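Take a look at the structure below.
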Amino acid sequence: MALTGIDIFKQLPKTNCGDCGVPTCLAFAMKIAAGQAELAGCPHLSEDAASALSEASAPPIRAVTIGVGDDAVKVGGELVLYRHEKTFFNPCVFAAVIDDGMDAATVDGLLKQTNESRFVRVEQDLKAGLVGVKSLSGDTAKFVALIEKVKAATTQPMVLMCGDPAEMEAGLKAAGETAPLIYAATAANYEAMAALALAHKAPLAVCGTGDLDALVDLVKKIMAAGVKDIVLDPGTRNPKDTLERLVYIRRAALNKKVKELGFPIIVFPNEETDDKMMEAVYAGLYVGKYGSVIMLSDLDAARALPLYVLRQNIYTDPQRPMQVKPGIYPIGNPTADSPVLITSNFSLTYFIVSGEVEASRVPAWLCVMDTEGLSVMTSWAAGKFVPEKIVPFIKGVGIEEQVKHRKLVIPGYLATMSGELEDELEGWNVEVGPREAADIPPFLKTWAS
Amino acid sequence: MEVKETYNGKIREATIGLGDTAVTVGGETSLPLYMFEGAAPNKPVIALEVYDTKPEDWPEAAIAPYADVLDDPVKWALKCQDEYKADMICLNLASTNPSTGDRNGADIAPIVKAVADAIKIPLIVYGTANADKDAEVMPKAAEACQGKRALIGPVEEENYKTVAAAALGFDHLAAPHSPIDVNIAKQLNILITQLGLAPERVIIDPTTGALGYGLEYCYSVMERLRLAAMTQNDSMTQMPMINQIGREVWKAKEVKTSEADEPAWGDAETRGVLWEALTATALIMAGSNILVMRHPKAVELTRQFVAALTGATN
Ligand code: SF4
């Protein structure tokens with residue numbers, strides 16, 4: 001629950017010593033409330049006050065880390081029901097499930113996908129995040145052998161899936177101290193599973209039966225046993241029921257402060273259908289509606305890429321638009337006689353403009369200027385896409401070394417600045433391009449240097 | 001667990017077409033797909049795209065289902081209706097775009113009439129979102145399908161007096177098109193209802209961004225419109241919504257690129273179909289009522305999704 005500045009101030013020493021970097025305790029309290037400072041910044045805080053504040057300021061949905069080292073993933077920590085209210089913070093992760101009943105070739109194929117399912121888009125590295133390892137045979141030796149194989153083959157953190165605590169214990173030993181997600185504690189085995197989670201410092205998934213009140217009771221017992229890092233499985237296996245539970249869990253955590261439900265959620269679209277295309281569609285549902293760990297049957301590129309892009313879209317901070325790196329983007333092997341276009345570095349503008357240039361099949365140079373991620377019109381209005389900025393960019397970006405001609409195509413919406421820009425951009429002619437990106441192909445097809 | 005919401009708002013019902021095959025959308029009394037706390041008497045419906053001229057730039061996977069009908073809008077529409085079981089047809093007047101075909105209203109009126117007369121299911125007719133050109137073209141198009149109670153769009157702030165008036169005059173519905181902006185969407189609804197068009201004749205077109213190409217903006221604006229409709233009972237947000245999905249999705253780089261050119265991206269048809277299905281289902285989650293789509297396999301996935309999320313459970 002977010003505390004007010006005054007709530008925090010009451011707990012501070014009120015000496016105004018300034019050691020926190022701001023002159024007064026009140027100012028420091030206000031910074032914490034605004035999320036601009038951490039409680040630890042005050043060296044004089046009493047232990048009681050620190051624990052009272054951290055308890056009270058604990059996020060309504062706990063952020064849980066799965067795995068260790070560079071490939072560890074953090075899920076949960078969400079603060080809102082709708083992304084426009086603030087943002088969705090910690091992107092959900094996907095995992096292909098490998099089980100100990102699969103033949104070696106299938107296992108190898110899934111491991112290869114787990115390692116190679118990576119795409120770079122808008123300067124973000126897109127990948128699944130986890131790998132599922134499931135005991136199907138009930139044969140501990142097989143489960144352990146599979147875990148050892150997966151551990152040797154990939155650094156992606158594991159989700160160990162097995163209902164028998166003794167077998168899970170063997171699996172955890174094989175996994176080493178890699179903090180895999182233990183799946184799962186149930187009403188039947190929770191004491192042993194909770195003990196394993198504590199002993200191996202691993203997060204614990206808790207599997208319900210679809211009844212959320214029963215899930216709350218079960219989680220309560222597991223929390224009482226000392227487990228802090230929990231992931232919830234509502235237990236439903238059809239998308240309609242799952243959506244209902246996911247919405248209720250998120251609301252209960254955020255609006256009703258039900259702390260037993262204040263954890264990230266694991267979902268199983270791979271168990272909700274046998275059709276891999278529908279599985280991907282249901283996975284998409286959970287990307288938008290509150291899934292944090294999304295289990296899949298594989299990571300085939302043609303299905304994984306769209307899902308990763310959906311996650312990227314949903315988890316983009318609405319207040320901070322995605323940006324692409326400023327610079328020259330050659331499209332379709334342009335030459336010294338190819339057209340030169342300029343646009344903003346708002347990623348959406350870049351994608352749409354570059355897509356239309358590509359569609360025209362006319363090779364071109366696209367100069368992407370740093371407009372701090374604002375669109376063409378917004379950045380123009382904010383004084384960031386104006387002649388004073390464009391001139392040094394064009395002169396400095398190196399386009400003059402690439403082309404023989406000196407014709408610059410500007411977005412049609414900026415027609416009013418063409419005269420001024422031409423005066424200031426020495427040696428260049430300024431051409432007004434189309435207002436709409438969709439009209440770029442016909443424009444380029446008739447363009448002549 | 002007492003976390004059910006009660007809503008004081010409701011989406012209006014709007015009916016497109018006349019007679020037995022008319023389609024009604026809207027009527028929801030909760031947020032989209034939240035069947036556990038409201039009613040959704042009418043499921044989201046799918047309109048298949050038909051173009052007035054043969055498309056030039058479609059990737060192979062999108063061409064294949066229509067290869068035999070692409071140069072005949074009437075046959076194309078009938079194939080969508082009879083073979084792919086479209087709920088509606090959306091006739092796109094792409095050839096009127098001034099920078100490509102630049103055909104005028106008189107040129108396309110016979111095509112609109114031929115398609116309208118050939119199909120039994122309801123018709124949507126869309127211009128090119130060039131406000132001046134649409135102001136000339138769309139009244140002719142609206143006249144050509146008079147008597148069909150079609151949906152005419154897009155209606156822009158710059159041309160609503162002409163285009164929405166034509167929808168009103170020829171007894172159709174109108175789709176006001178706003179640039180991913182809640183306030184402009186509301187404002188445009190106010191303007192066209194003041195013109196005399198009943199709110200039940202209005203379907204909001206909030207501007208569609210495809211997956212990877214602005215989907216998140218579209219998603220959040222639609223979510224905000226739906227929240228305003230349900231929780232604030234804001235009358236000018238309580239219209240059903242339409243999304244032009246097919247044409248946005250199938251120009252995305254990740255959809256147009258062949259597997260030969262990008263082996264790491266996998267099978268092009270699977271990728272394109274899922275790109276379209278995920279765009280459609282995400283927008284259903286945000287509140288879409290009419291999804292204008294292209295690939296029959298993406299349509300099928302979207303239908304199954306709707307059935308699974310709104311049907312009875314075991
Ligand atoms: S360091 Fe602590 S005691 Fe000193 S001014 Fe800052 S908040 Fe107050």
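What you see is a predicted model; the values in this text were computed from it and never measured. Labels below follow one simple rule: chain letters A, B, ... track the order of the sequence lines, proteins then strands, and each chain is numbered from 1.
Per-residue counts of heavy-atom pairs under 4.5 Å with chain B were compared for A:Val258, A:Asp213, A:Leu212; the largest is that of A:Asp213. In terms of non-hydrogen atom pairs under 4.5 Å with chain A, the most contact-rich of B:Asn130, B:Leu309, B:Leu31, B:Val273 is B:Leu309. Highest contact tally toward chain A, considering only B:Ala252, B:Ser220, B:Pro98, is held by B:Ser220 [criterion: heavy-atom pairs under 4.5 Å]. The greatest number of non-hydrogen atom pairs below 4.5 Å with chain B, out of A:Leu243, A:Thr316, A:Ile352, is found for A:Leu243.
Among residues 258-268 of chain B, the residues having any heavy atom closer than 4.5 Å to a heavy atom of chain A are, in sequence order, B:Ala264, B:Trp265, B:Gly266, B:Asp267.
Looking at every heavy atom in both residues, A:Lys240 comes nearest to B:Thr310 through NZ-O, 4.0 Å. Heavy-atom minimum distance, B:Val3 versus A:Arg251: O-NH1, 2.8 Å. Summarising the geometry of B:Glu223 relative to A:Arg83, their closest heavy-atom pair is OE1-N, 4.1 Å, with the distance given to 0.1 Å. Minimum heavy-atom separation, A:Pro442 to B:Thr100: CG-CG2, 4.3 Å. The two residues A:Leu310 and B:Ala282 have their closest heavy-atom pair at CD1-CB, 4.4 Å. Of all non-hydrogen atoms in A:Asp439 and B:Ser99, the two that sit nearest each other are OD1-OG, 2.8 Å.
In this structure, chain A has a heavy atom under 4.5 Å from the side chain of B:Asn97, while its backbone stays farther away. With a 4.5 Å cut-off on non-hydrogen atoms, A:Val281 touches chain B through its backbone and its side chain both. Looking at A:Lys289, the atoms closer than 4.5 Å to chain B (heavy atoms on both sides) sit in the backbone and in the side chain alike. Proximity to chain B is limited to the side chain of A:Phe119, based on heavy atoms less than 4.5 angstrom apart. Residue contact with chain B, scored on non-hydrogen atoms closer than 4.5 Å, is absent for A:Phe443. Looking at A:Val122, neither its backbone nor its side chain comes within 4.5 Å of chain B, counting heavy atoms on both sides. The contact between A:Glu356 and chain B is made entirely by side chain atoms (from C-beta outward), counting heavy-atom distances below 4.5 Å.
B:Lys251 places no side-chain N or O within donor-acceptor distance of the main-chain N or O of A:Gly355, the cut-off being under 3.5 Å. A donor-acceptor pair under 3.5 Å links the side-chain atoms of A:Arg121 to the main chain of B:Gly212, judged by distance alone.
Atom CD of B:Glu300 and atom CG of A:Asp275 lie 10.0 Å apart (nearest 0.5 Å). Note that CD of B:Glu216 and CZ of A:Phe88 are 12.5 Å apart. Values are rounded to the nearest 0.5 Å. Note that the CZ atom of A:Arg303 and the CG atom of B:Leu278 stand 11.5 Å from one another [nearest 0.5 Å]. B:Lys4 contributes atom NZ, which lies 6.0 Å from atom CD of A:Glu244 (distance to the nearest 0.5 angstrom). For the atom pair OH of A:Tyr282 and CD of B:Gln304, the computed distance is 6.5 Å after rounding to the nearest 0.5 Å. How far CE of A:Met277 is from CG of B:Leu274: 5.0 Å, rounded to the nearest 0.5 Å.
Each of B:Leu227, B:Val221, B:Val182 was checked for a side chain to side chain contact (heavy atoms under 4.5 Å, CB included) with A:His84, and the lone residue meeting it is B:Leu227.
Partners of A:Phe346 according to the ring pair (Phe, Tyr, Trp, His ring centres under 6.0 Å) rule, which considers only residues two or more places apart in sequence or in another chain, are B:Tyr217.
Other residues, nucleotides and ligands contribute more than 12 heavy atoms inside 6.0 Å of the CG atom of B:Asn8. More than 12 heavy atoms of other residues, nucleotides or ligands sit less than 6.0 Å from atom CH2 of B:Trp58. Residue A:Asn333 qualifies as open at atom CG: its count of foreign heavy atoms under 6.0 Å is 12 or below. Annotation for B:Lys43: atom NZ counts as buried by contact number, over 12 foreign heavy atoms lying within 6.0 Å.
Counting only heavy atoms from C-beta outward, the side chains of A:Val247 and B:Tyr34 approach each other to under 4.5 Å. Residues A:Leu285 and B:Thr281 have side chains not in contact (no heavy-atom distance under 4.5 Å, counting atoms from C-beta outward).
Ring geometry for B:Tyr213 versus A:Phe351: interplanar angle over 60°, hence perpendicular rather than tilted (30 to 60°).
Between B:Glu56 and A:Lys445 there is no salt bridge, since none of the side-chain N atoms of the basic residue sits less than 4.0 Å from a carboxylate O of the acidic one.
Cation-pi geometry between B:Arg271 and A:Tyr308 is not met: the NZ or CZ atom fails to fall both under 6.0 Å from the ring centre and inside 45° of the normal.
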